[in-house]
Amino acid sequence: MTEMQLSLINFPYREMLSNIFQDYSNDFEFTASGIFRKIVPPLCPECGHPMSHNGFNTCKKGLLGGTKVGKYLCGACGKSTEEDRDFWIKLKADFFGIVTEICTRLRLNHVSYEVIESIMGYLYPRDKDTIRNMVQCAIEETEVPSVKNIQFVHYDEQHPKAGRNQKYRLTLLDSVTRQVIADELFDSKDADTIEGFLRRNLDTQKQIFIVTDLYRGYSNVFKRVFGNKVIHQFCLLHLNKLIVNDFPRKTSIEQELLKYKMLNIFFNRELEIEFLSTLIEEEKMMRQRSNKEYKSWIAEAKHLFYDFVRRLELRRRRESKNLELRTYHEALNNFKILKMQSDSFMISVRRRLAKIEELWPNLTAFYFTDNAPATNNPIENYYSTSLKTHRKKQLEELGIKEQIKLSALKRAGVFGRPQKSLLNAFFMFIPFLDTG
């Protein structure tokens, strides 16, 4: 270990200095005047003649301090060299690594560079451009861990704007680990772009189960990429959204009941249906009264119903449960009943039932694969946290890519608990604060 020549000034820091120079052999010394050098000067790299001590060079870093690094001079050829300063470089790297991590975590939480600059004024002043370069370099150097044994994949797209230019974000998410397989930004989302994206990021020779929204153009792309090795599931959540949109905003109780019967095909909505069924007869009687009385009644009835629905949802949340999925035979039976009654339904509902019948194999694929997902909820949740709706039009292209990469790293668990605080890193510079 490096020999320490302690003085009254550096004696309190002997343990700290020992840790700083622990990687150096006992051929080195740290003198009482604060010079780090070899005890016996090295041989000249030019002529091989023994060199002699020749003062020092000072390495400084603003607000942190400075250290003295020994110099050597060859008496034969006049060659001058300097001692290794890796220990000082490491001290600075540790300190600024923590500064960079602080700034990166602030960016992960959507803090602007202007605000980060003002915050750093209290810790270690850095201007906005320096902070941006630090963060972007750190992001580029950090790799998102690859996902192994991919079986179930969520695929979706987001359409952010980089300034005035429309961009397309394509994302693949592993259903089991919830980690990001790939997340990239493109100028287009045509079939060739999607196909290239899939080929680069998934093994096309292995069987795979992919969940998407109800855009049917994906099926042809998947067949070209995976052939017969793909099982394509349409997201039931997207189906439910389309069903809700098939009905007017201001529905009657009869329409609301039909809506929930449609939603009941794949998810258990029996309680809601039972509640609405008790109001049907009353609605028929109220329709015979004045328009004002009917409007007042239906507003109150729907208020009670929506309050009932919210209470059911809150109960599921408290119990950490999701909506119960129907078995395949229950779903098929519910669909057949609605199909038989469809002649009395509004046109939009009849069309939706026809679409469900046409897409039935893709809507029910999850029933025939163990542990397969039925919805794209995980990737929707990922989008809502990684690039929020109001920010899709605020960021430039570089900012969008930055948020995408940071979110993927967070999902992969890269941002764990800090191993060292900024204060601990700063303390390592205390022995060098008074060095001139």
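Treat the numbers as computed from the prediction; the structure is a model and nothing was measured.
A donor atom on one side chain and an acceptor atom on the other are found under 3.5 Å apart for Thr130 and Asp127. Residues Asp84 and Tyr24 have side chains that bring a donor and an acceptor to within less than 3.5 angstrom of each other.
Less than 6.0 angstrom separates the ring centroid of Phe275 from the ring centroid of Phe308. Remark: aromatic rings of Phe429 and Phe432 are distant, center separation not under 6.0 Å.
The side-chain hydrogen bond (donor to acceptor under 3.5 Å, both in side chains) analysis of residues 147-156, with sequence neighbours excluded, yields the pairs Ser146-Lys148, His154-Ser175, His154-Asn376, Tyr155-Glu157.
The residues Glu140 and Lys405 are annotated as not salt-bridged, no charged nitrogen and carboxylate oxygen being separated by less than 4.0 angstrom. Using a cut-off of 4.0 Å between Lys/Arg side-chain N and Asp/Glu carboxylate O, Asp86 and Lys90 are scored as not salt-bridged. Under the 4.0 Å criterion applied to side-chain N and carboxylate O atoms, Arg216 and Glu358 are assigned as salt-bridge partners. Between Lys167 and Glu397 there is a salt bridge, since at least one side-chain N of the basic residue sits less than 4.0 Å from a carboxylate O of the acidic one.
A cation-pi contact, defined as under 6.0 Å to the ring centre and within 45° of the axis, links Arg107 to Tyr113.
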Which pairs would a plain distance check flag for residues 321-329, meaning a side-chain donor or acceptor within less than 3.5 Å of a matching protein atom at least two apart in sequence or in another chain?
residue : atom : partner : partner atom : Å
Glu324  : OE1  : Asn268  : ND2          : 3.0
Arg326  : NE   : Asn264  : O            : 3.4
Arg326  : NH2  : Asn264  : OD1          : 2.6
Arg326  : NH2  : Glu270  : OE2          : 2.8
Thr327  : OG1  : Glu330  : N            : 3.2
Thr327  : OG1  : Glu330  : OE1          : 3.4
Tyr328  : OH   : Trp360  : NE1          : 3.2

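The only member of Phe366, Phe226, Phe222, Phe152 that meets ring pair (Phe, Tyr, Trp, His ring centres under 6.0 Å) when paired with His232 is Phe222.
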